[in-house]
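Report on the following structure.
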There are 2 protein chains.
Amino acid sequence: MISGKFAITIHILTLLTKYPNDYLSSEHIAGSINLNPVLVRKEIANLKAHHIVESKEGKNGGTKLCVDPSKITLKEIFEMTFENINLGYAKNQPNPACPVGKKINENLSSLYADMNQKVSLQLEGISLEDFSNQF
Amino acid sequence: MISGKFAITIHILTLLTKYPNDYLSSEHIAGSINLNPVLVRKEIANLKAHHIVESKEGKNGGTKLCVDPSKITLKEIFEMTFENINLGYAKNQPNPACPVGKKINENLSSLYADMNQKVSLQLEGISLEDFSNQF
DNA sequence: ACATTTGTAACATATTTTATTACAGTATGA
DNA sequence: TCATACTGTAATAAAATATGTTACAAATGT
């Protein structure tokens, strides 16, 4: 199972990019994603921690982008919302007495590290502005 | 959460590659992965369906590779055990009345398709033999 | 004051992954 | 032929993770 964090965050940021002058409420954003507003606020909390957006509390409050969407890439959003790309590990500790069990996780990790490098390179080439312009 | 299917399958295949002349029992393999033998047999069932291994029932039975490990790549194993690489979707149906909600999944899918292509290219360059030789 | 909104905690539900138990069927070899 | 050691598979349970809901204090504009 893969959590929707990245997708939700991209959705939020695309909306904020489309309406750069408005403070959008979590309710409004949640209506576009069709998601509970609390979950939207949780992802916004993460974005705030990374100084990508700013929020205003109280009436007419909401959230607003505080970076230039042409200056931030999907790679940064990926890193804020996703550990890393991988194809999983067997949960248990493999048997260290077996030459395969002993090294399997190390070898998988190295394979996955290569994967991440390739994916990062791809995502680095796409700015938030690029992504938003597709809509 | 990402299931361990790929990792378990790679582990099984690496063992079978190391002992190409033996029928290894699910119990034996499970001992290296430190996993329940039933789960090993389930992954083996999948490998059998793809004609990568063959099994022998009964006493002294077990499983054995039936392809040349230099001829099969990690890409094929990936495709047998993993839908595709992606960074997730918001679970609910996004709002079709919103221009972003309407196209978000399409645009994410296209992003993920590019990711898969890059990952596939990487995995295609690694044979099971290559992977096993790291141990 | 009042209405609206964020921020956050606490709790509930759903889904997915992993583990366990059970047992019928099959081959081996003493 | 009979005990033994396997596979194959179903059914069920447990654990982990993801998502949803309720509640309410605090902030702020009108």
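Naming convention: chains lettered A, B, ... in sequence-line order (proteins, then strands); numbering from 1 in each chain.
- Of the residues in residues 5-30 of chain A, not one places a heavy atom less than 4.0 Å from an atom of DNA chain D.
- Salt bridge status for A/Lys5 with A/Glu43: present, with a side-chain N to carboxylate O gap under 4.0 Å.
- Taking atom CG on A/Asn46 and atom C1' on C/dT6, their separation rounds to 16 Å, with Å as the unit.
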Could you pull out the protein-nucleic contacts involving nucleotides 21-23 of chain D (nitrogen or oxygen on both sides, under 3.5 Å)?
from	atom 1	to	atom 2	distance (Å)
D/dT21	OP2	A/Asn36	ND2	3.3

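- Contact annotation: the side chain of A/Leu74 approaches that of A/Ile10 to within less than 4.5 Å [non-hydrogen atoms, C-beta and beyond].
- A side-chain donor-acceptor contact under 3.5 Å links B/Thr63 and B/Ser55.
- Residues B/Tyr89 and B/Gly62 each lie close to DNA chain D; by heavy-atom proximity, the contact nearer the 5' end of the strand is made by B/Gly62.
- Around atom CD of A/Gln117, no more than 12 heavy atoms belonging to other residues, nucleotides or ligands sit under 6.0 Å away.
- Within the 4.5 Å cutoff, the side chain of B/Thr17 has no heavy atoms near those of the B/Glu129 side chain.
- Checked by atom type and distance alone, the side chain of A/Asp22 never pairs as donor or acceptor with a backbone atom of A/Leu24 at under 3.5 Å.
- Taking atom CD1 on B/Ile33 and atom C1' on C/dA19, their separation rounds to 14 Å, with Å as the unit.
- Taking every heavy atom of residues 75-82 of chain B and every atom of DNA chain C, no pair lies under 4.0 Å.
- Under the 4.5 Å side-chain heavy-atom criterion for grouping Ile, Leu, Val, Met, Phe, Trp and Tyr, A/Tyr112 is not connected to A/Leu121 through any hydrophobic cluster.
- Going from atom CD1 of B/Ile2 over to atom C1' of C/dT15 covers 16 Å, rounded to whole Å.
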Let me have a per-nucleotide readout for nucleotides 25-30 of chain C, 5' to 3', with B, S or -, counting only protein heavy atoms under 4.0 Å. BBBB--
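- Taking each heavy atom of B/Met80 and B/Asn46 in turn, the nearest pair found is O-ND2, 2.9 Å.
- A/Ser55 has a side-chain polar atom (N or O) that falls below the 4.0 Å cut-off from OP1 or OP2 of C/dG7.
- Within a 6.0 Å radius of CD in A/Gln134, other residues, nucleotides and ligands contribute more than 12 heavy atoms.
- Within the structure, the side chain to side chain donor-acceptor pair (under 3.5 Å) test picks out the following pairs touching residues 96-109 of chain B (sequence neighbours left out): B/Tyr89-B/Ser109.
- Between the CG atom of B/Leu47 and the P atom of D/dG8 there is a distance of 11 Å, rounded to whole Å.
- With hydrogens and angles disregarded, no donor-acceptor distance shorter than 3.5 Å links the side chain of B/Lys56 to the backbone of B/Tyr23.
- For B/Asp130 (side chain) and B/Ser127 (main-chain N/O), a donor-acceptor pair under 3.5 Å exists by modelled atom type.
- Checked against ring pair (Phe, Tyr, Trp, His ring centres under 6.0 Å), A/Phe6 has no partners two or more places apart in sequence or in another chain.
- The interatomic distance linking B/Glu54 (CD) with D/dC6 (P) rounds to 18 Å, in whole Å.
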